[in-house]
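One structure below.
For clarity, every value in this text was computed on a predicted model and none was experimentally measured.
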There are 2 protein chains.
Amino acid sequence: MRKSKKERQERLQLTIQENPFVTDEELAQEFNVSVQTIRLDRMELSIPELRERIKYVAEKNMQDEVRSLPIEEVIGDIIDIELDSSAISLFDVKKEHVFTRNGIARGHHLFAQANSLAVAVINDEMALTGKAEIKFTQPVKEGSRVIAKAKVTGSEKGWTTVVVSSFVGSDLVFRGEFTMFRAPSSEKGEKHEARN
Amino acid sequence: MRKSKKERQERLQLTIQENPFVTDEELAQEFNVSVQTIRLDRMELSIPELRERIKYVAEKNMQDEVRSLPIEEVIGDIIDIELDSSAISLFDVKKEHVFTRNGIARGHHLFAQANSLAVAVINDEMALTGKAEIKFTQPVKEGSRVIAKAKVTGSEKGWTTVVVSSFVGSDLVFRGEFTMFRAPSSEKGEKHEARN
DNA sequence: CTGATTTTTAGTACCTAGTCCTAATATCGG
DNA sequence: CCGATATTAGGACTAGGTACTAAAAATCAG
């Protein structure tokens, strides 16, 4: 016994969603109706034809492959800096910085802003990050403006500690304690000795 | 002047590789030859027709979709993953990832690779980084291939700890312990949805 | 039950992006 | 110039459709 049009269309939608590679012919057999009926159903539900569906899936895949994280020189705009003391930078969270699924900023962008600010605040361009202890205290949504404040809290024999606190409005969203190594300009990266 | 058959075929291969969505018609115009010539070329190079190419790309995508995260969200290429257990990704350090001064990779790229691997390994709709304790044990130079290995070390209601160790060859260059907040999808089930 | 309406089916012409095949030219090396 | 290779042209056929017309079948209202 063939079910009602409504039920068929619901199941049709699910079937195609699950397997976009199915042809009208196959669907007609599955639902025991004519191919034309399947086509009318697709039209009513505005489900595109097989080739369009496949193309859509493929295109989505291609976009993914073009992904090449374009991280700029400095993440965020430095709006204030006092070398070896403190710095403030600003970072606007845009579409490309968030998870498509929930619109929340990916952690590494907040980290990148903080980390590059920690590098910048050090009065020696050869600063490398040695350790970091970080905390994401609140999710940051698309469209937010993140203000990172870096403060140099300690310094000894080549190592400097920088604490970066990032805010959206008055809310703390990120906090990180970075131990920065003031690297010598030697080419060798293997042995790192404190020199200045 | 039209180039030789050999050169045309080489360029044809590259063109299709770059953009599998191109038709024979378009290729014929681009190379200033007839459609038939393009088809002979494709046959000689055993390049399938447009629809087969698109289908192949789409199918690849469907396989990937089983993962908890779209592949685009991951920095580096995931070469192995066992959800809620372990994952391995690969990241090639290029010019754009290093400090121009010394050719050493900026920390946030290593962090990004590790962090996104930690997100990917979690088998939930949503995974956010809560805390992280990280260590950069050795500088990474341009041209290095960084292999990040993530291991889920603990899990309790809503929180999962993931340890990521990154290597260049046999040298540990980065280590991070991430505390990830996880949120299961509203609709429980093994079936993944194909968005149409 | 009848008549109207909805739903389903059938069939036609046309489309794209091809395949496979034959046959006629064009171009090049020796 | 000849012969081989390369290119082009054309016809017949394919899948998986669209767009349209028309008719048959099922369903609903009174």
How would you list, by chain and number, every residue that makes a salt bridge (charged side-chain N to carboxylate O under 4.0 Å, His left out) with B:Arg175, sequence neighbours excluded? none
Round to the nearest Å and state the distance from A:Leu50 atom CG to C:dT16 atom P. 18 Å
Checking only heavy atoms, does the side chain of A:Arg51 share a donor-acceptor pair with the base of D:dA15 at less than 3.5 Å? yes
B:Leu27 has an atom CG; how far is it from atom P of C:dA17, in whole Å? 12 Å
Going by number, which of residues 37-48 of chain A have a non-hydrogen atom under 4.0 Å from DNA chain C? A:Thr37, A:Leu40
Heavy-atom distance under 4.5 Å between the side chains of B:Phe174 and B:Gln113, does that happen here? no
Taken to the nearest whole Å, CG/A:Leu12 to P/C:dT8 is 12 Å
Between B:Lys6 (NZ) and D:dA6 (C1'), how many Å, whole number? 15 Å
Is there a chain of hydrophobic side chains (I, L, V, M, F, W, Y, each step under 4.5 Å between heavy atoms) that links B:Phe21 to B:Val35? no
Under-3.5 Å N/O pairs linking protein and nucleotides 20-26 of chain D:
none

What pairs meet the salt bridge (charged side-chain N to carboxylate O under 4.0 Å, His left out) rule with one or both residues in residues 25-48 of chain A, with sequence neighbours excluded? A:Lys5-A:Glu44, A:Arg8-A:Asp41, A:Asp24-A:Arg39, A:Asp24-A:Arg42
Would you kindly give the CZ-to-P distance between A:Phe31 and C:dT7, to the nearest whole Å? 17 Å
Compare the minimum distances between each of D:dT7, C:dA10, C:dG18 and the side chain of A:Ser34, then state the nucleotide with the smallest one. C:dA10
Taking atom P of C:dT8 as reference, at what distance in whole Å does atom CG of A:Asp24 sit? 15 Å
Taking the six-membered ring for Trp, are B:Phe178 and B:Phe111 parallel (under 30°), tilted (30 to 60°) or perpendicular (over 60°)? tilted
I'd like to know if the side chain of B:Thr137 and the backbone of B:Val173 have a donor-acceptor N/O pair within less than 3.5 Å. yes
Can you find a pair of side-chain heavy atoms, one from A:Leu12 and one from A:Ile16, that are under 4.5 Å apart? yes
Which residues end up grouped with A:Leu172 if you chain together Ile, Leu, Val, Met, Phe, Trp and Tyr wherever their side-chain heavy atoms are less than 4.5 Å apart? A:Phe167
Value in whole Å for how far the C1' atom of D:dT5 lies from CD of B:Gln9: 13 Å
Throw together a table of side-chain donor-acceptor distances under 3.5 angstrom for residues 147-155 of chain B, partners on residues two or more places apart or in other chains.
| residue | atom | partner | partner atom | Å |
| --- | --- | --- | --- | --- |
| B:Thr153 | OG1 | B:Thr161 | O | 3.3 |
| B:Ser155 | OG | B:Thr160 | OG1 | 3.0 |

From CD1 of A:Ile16 across to C1' of D:dG16 the rounded distance in Å is 13 Å
Among C:dT9, D:dA6, C:dA17, find the nucleotide with the atom closest to the side chain of A:Val33. C:dT9
